[in-house]
Amino acid sequence: MERRRILILGSTGSVGKQCLEVVRKFPQKFEVVGLSAGSNVEELKKQVFEFSPKAVHIANGNLENVDCKVFKGESEFKNFIEFVDFDVALCAISGSAGVIPTYLCALKGKRIALANKESLVCAGMFITEVAKEIVPVDSEHSALFQCLRCVKREEVEEIILTASGGPFRNREDLESVTPEEALVHPNWKMGKKVTVDSATLMNKGLEVIEAYWLFSFPYDKIKVVILPRSVVHSLVKLKDGSLISQISAPDMRIPIAYAISFPERLELEGNFKLAPLKIEFFEPDTNRFPCLKLAYQSLKMGYPYPIVLNSADEVAVEMFLKGLIKFTDIPKIVEETLNRFNGTAPKNIEEVIEIDKVAKEIARKVASS
Ligand code: MG
């Protein structure tokens, strides 16, 4: 493999940092050419010092005394992307803030290593249209991507996403869940938004929509199963009843490395022990965790409703983390926002952003009423 030029969007976040760990291990295979971060100036500065990119972008803050070209603020993001020549862009900005950055990277006609699921949830129709190649980083989708390469499409009956079920699968009282409790994920080390989403099962709902765009299966062919230990990362069910899966330790560096090195595999020292290992599957309980049901409902309603679902969830999770609403209010706010929103499918990426804004306003109103 020729040395690949990597651009990392969201470099100071959890996925961004783990990507840099992979790059650090394989300097002969990868070169960091660009880094973009939100507001963690100190961390970004350290990264610039270590990896010497050609350019950096900081959304909020000021980066001085670094030996590369610096782009600042939302307004200079487009110039930053135009300036950097890359082979792979790791899109790992959290939330709907990542939609336009992913789209702009996709327009460059290079590989997108996609960690920002909101990009496809909100703008799947536009991003899949312009992107040359998308390799998913989300562990479940990475698993499906790998499994689907082994079979013929006409052999596939359905695809099945695995979910940990979150920390409250067996908890009776969900009303009293605190932000601190929701931020402890049993298996994965991730950012705050996605950790809370895992606890409500909204993360799995968004992943169903992500899979819908990545693999073009109708939503009734995309299923979810609960597996409390995240070692089986998803399954492909074939017409003869066989199931194909990818199994590994719950370590995000594995799908990150795969997405930037594909079709090659890197030698990562895995300490995953197969025995003893107990695997138990359960059906998801969508009465106690209605967010998953709402995600399917939004797909059934059609666009723009999956965008509205995501916007309302972002508002609700933010308010929950601030202690303003209860854990059990999150699905209620999402459901009511879906009911109140009235609109048609976006015709371009700008309309996606507009729908997101309007839906967030409605969600805030719903939350405060
Ligand atoms: Mg995932």
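Whatever order the structure lists them in is the order used to number ligands and atoms, beginning at 1. When a residue number appears, it is its place in the shown sequence, counting from 1.
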Problem set entry | Lys/Arg cation over aromatic Phe49: Lys45, 6.0 Å, 45° cone | no
For this session: Kindly give the atom name of the N, O or S atom of Glu207 closest to the Mg ion (ligand 1).
Result: OE2
Exercise. Are the side chains of Val156 and Phe217 in touch, meaning some heavy atoms are under 4.5 Å apart?
Worked result: yes
Exercise. Taking just the N, O or S atoms of Glu140, which one is nearest to the Mg ion (ligand 1)?
Worked result: OE1
For this session: Flag the pair Lys46 and Glu43 as a salt bridge only when some basic side-chain nitrogen lies within less than 4.0 angstrom of an acidic carboxylate oxygen.
Result: yes
Problem set entry | Atom of Asp138 nearest the Mg ion (ligand 1) (restricted to N/O/S, atom name only) | OD1
Exercise. So, Lys322 and Glu318, do they make that salt bridge, N to O below 4.0 Å?
Worked result: yes
